Number of protein chains: 2
Amino acid sequence: MSTRRDAVHDTLRRSEGFRSAQDVYAEMRQHGAKIGLTTVYRALQALADGGQVDVLRTDDGESVYRACASGDHHHHLVCRRCGHTVEVAGPAVERWAEAVGGEHGFTEITHTVEVFGTCASCSASVRAG
Amino acid sequence: MSTRRDAVHDTLRRSEGFRSAQDVYAEMRQHGAKIGLTTVYRALQALADGGQVDVLRTDDGESVYRACASGDHHHHLVCRRCGHTVEVAGPAVERWAEAVGGEHGFTEITHTVEVFGTCASCSASVRAG
DNA sequence: GGAGATTTTGACAACCATTTTCATTTTGCC
DNA sequence: GGCAAAATGAAAATGGTTGTCAAAATCTCC
Ligand SMILES: [Zn+2]
Ligand SMILES: [Zn+2]
Ligand SMILES: [Zn+2]
Ligand SMILES: [Zn+2]
């Protein structure tokens with residue numbers, strides 16, 4: 001629909017982990033893009049609403065976005081040091097969530113699942129001092 | 001340690017679902033408690049740090065707290081209409097999170113899991129109009 | 001009990017990501 | 001070109017949360 005939105009989407013695709021709106025905005029400006037912060041926010045929201053990017057909340061309440069390779073439902077294994085992110089499927093979790101909801105008479109079940117850890121290369125650099 | 005902290009803890013225990021700091025503050029004042037908002041924030045943080053209450057973030061970035069019955073690791077099934085909350089255990093999920101982290105060389109694995117739905121009584125009241 | 005040190009409290013200001021506003025610019029269409 | 005509708009972005013507003021700092025409560029030792 002819009003050139004701006006595509007530019008935001010591209011910036012996100014070039015990133016490895018999850019990025020905040022402010023983050024994306026700063027990077028785009030750095031690379032000479034002429035875009036306003038408000039538009040970045042709007043583009044990210046639209047992309048998230050359209051399911052083209054994934055969103056999650058950091059511990060300090062910031063929304064961060066990622067253009068994932070998989071369009072199917074999946075979850076994330078995120079390194080809490082470098083942000084390196086792996087997309088993971090979890091059929092067992094999907095079934096569990098549905099089952100636990102059903103057992104208690106709940107309907108229209110949704111769920112949020114995120115896994116955090118320290119990735120191999122970060123572990124290595126810590127050991128190296 | 002402090003009377004204020006206990007008062008906050010008690011207020012939370014009397015609540016059914018997750019409550020925000022502002023929420024707890026308003027209720028305490030309503031009941032005549034003489035306490036400041038800053039102190040409520042500090043008490044909730046201390047309780048959360050001590051593992052005496054559970055915290056989670058709402059979609060709009062608000063931190064909400066709950067004094068759960070179980071002191072063991074567990075997750076929550078939350079009604080998105082009335083906030084009614086059930087504490088649920090998920091051994092399968094625990095194992096899955098560890099496994100998926102390990103498979104990708106991650107260590108110090110943690111995870112966040114929340115299940116949302118519409119509870120039976122809310123479904124009923126919707127049907128009743 | 002009391003002086004002084006230490007901790008806790010809370011009114012208020014500061015923070016900061018996000019949203020709203022609204023005037024300007026760009027786009028879509030004839 | 002002309003014009004309506006949509007997009008843009010600078011600046012102001014919002015709102016939950018945190019920082020500040022002086023006053024109040026609590027502890028400590030005599
Ligand atoms: Zn993803
Ligand atoms: Zn899932
Ligand atoms: Zn709990
Ligand atoms: Zn768990």
Side-chain angles (χ1 to χ4, degrees), chain A residues 1-12 15 17-67 76 78 80 83 85 112 114, chain B residues 1-12 15 17-67 78 80 83 112 114:
Chain A
M1 195 159 288
S2 115
T3 312
R4 309 282 182 181
R5 184 169 311 176
D6 289 341
V8 169
H9 200 176
D10 286 345
T11 303
L12 220 47
S15 306
F18 281 84
R19 311 287 301 269
S20 73
Q22 311 264 358
D23 220 7
V24 170
Y25 170 69
E27 178 165 330
M28 292 182 77
R29 297 297 291 238
Q30 211 115 53
H31 288 337
K34 193 176 159 305
I35 191 171
L37 180 57
T38 309
T39 305
V40 173
Y41 271 103
R42 278 193 284 238
L44 288 172
Q45 276 160 357
L47 288 166
D49 287 349
Q52 284 135 336
V53 307
D54 287 353
V55 202
L56 61 85
R57 291 255 178 193
T58 63
D59 282 341
D60 51 319
E62 215 176 2
S63 291
V64 287
Y65 304 83
R66 183 170 195 267
H76 305 103
V78 183
R80 67 169 71 80
T85 299
T112 66
E114 305 293 340
Chain B
M1 192 162 288
S2 114
T3 312
R4 307 284 180 180
R5 186 169 309 176
D6 290 340
V8 169
H9 201 175
D10 287 346
T11 303
L12 220 45
S15 306
F18 282 84
R19 311 287 301 269
S20 73
Q22 311 262 0
D23 219 8
V24 170
Y25 170 69
E27 178 164 330
M28 292 182 77
R29 297 296 292 237
Q30 212 115 52
H31 289 335
K34 193 176 159 304
I35 192 170
L37 180 57
T38 310
T39 304
V40 173
Y41 271 104
R42 276 193 286 240
L44 288 172
Q45 277 161 357
L47 289 166
D49 287 349
Q52 286 136 334
V53 307
D54 288 352
V55 202
L56 62 87
R57 290 255 178 192
T58 63
D59 282 341
D60 52 319
E62 215 176 2
S63 292
V64 287
Y65 304 83
R66 184 171 196 266
V78 183
R80 67 170 68 82
T112 66
E114 306 292 340

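This is a predicted model, so every value here is computed, not measured. Letters A, B, ... mirror the listed sequences (proteins, then strands); counts begin at 1.
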Rounded to the nearest angstrom, tell me the gap between atom CZ in B/Phe18 and atom C1' in D/dG16.
18 Å
What pairs of residues pass the salt bridge (Lys or Arg N to Asp or Glu O under 4.0 Å) test when at least one of them lies in residues 25-35 of chain A, not counting sequence neighbours?
A/Arg19-A/Glu27
Salt bridge (charged side-chain N to carboxylate O under 4.0 Å, His left out) involving A/Asp10 - partner list, sequence neighbours excluded
A/Arg13
Tell me the interatomic distance from B/Met28, atom CE, to C/dG10, atom P, rounded to whole angstroms.
9 Å
So which heavy atom on A/Ala48 is nearest to which on A/Val55, and how close?
CB-CG2, 3.4 Å
Quick one: list whatever passes side chain to side chain donor-acceptor pair (under 3.5 Å) with B/Gln52, sequence neighbours left out.
none
Reading DNA chain D from 5' onward, which residue's closest nucleotide shows up sooner: B/Asp60 or B/Arg42?
B/Asp60
Would you mind listing every salt bridge (Lys or Arg N to Asp or Glu O under 4.0 Å) that reaches into residues 37-57 of chain A, with sequence neighbours excluded?
none
Rounded off to whole Å, could you give me the NZ-to-C1' distance for the B/Lys34 and C/dT8 pair?
12 Å
Phosphate contact (D/dA7 OP1 or OP2) by A/Arg5 side-chain N/O below 4.0 Å
no
Report the distance from atom CG of B/Leu56 to atom P of D/dG16, rounded to the nearest whole Å.
17 Å
Rounded to 10 degrees, the angle between the two terminal axes of the helix from C/dG1-D/dC30 to C/dC30-D/dG1, each from five pairs
30°
Does OP1 or OP2 of C/dT9 have a side-chain N or O of B/Thr39 closer than 4.0 Å?
no
Closest heavy-atom contact between A/Leu37 and A/Gln22?
CD2-OE1, 4.0 Å
A/Tyr65: which of A/Asp23, A/Leu47, A/Val53, A/Val8 passes side chain to side chain contact (heavy atoms under 4.5 Å, CB included)
A/Val53
B/Tyr25 atom OH is separated from D/dG16 atom P, nearest whole Å, by 13 Å
Taking all heavy atoms of A/Ala46 and all of A/Arg5, pick out the closest pair and write down the distance.
CB-CZ, 3.5 Å
Output one letter per nucleotide in nucleotides 12-19 of chain C: B when a protein non-hydrogen atom lies under 4.0 Å from the base, S when only the sugar-phosphate is that close, - when neither is.
B----SBB
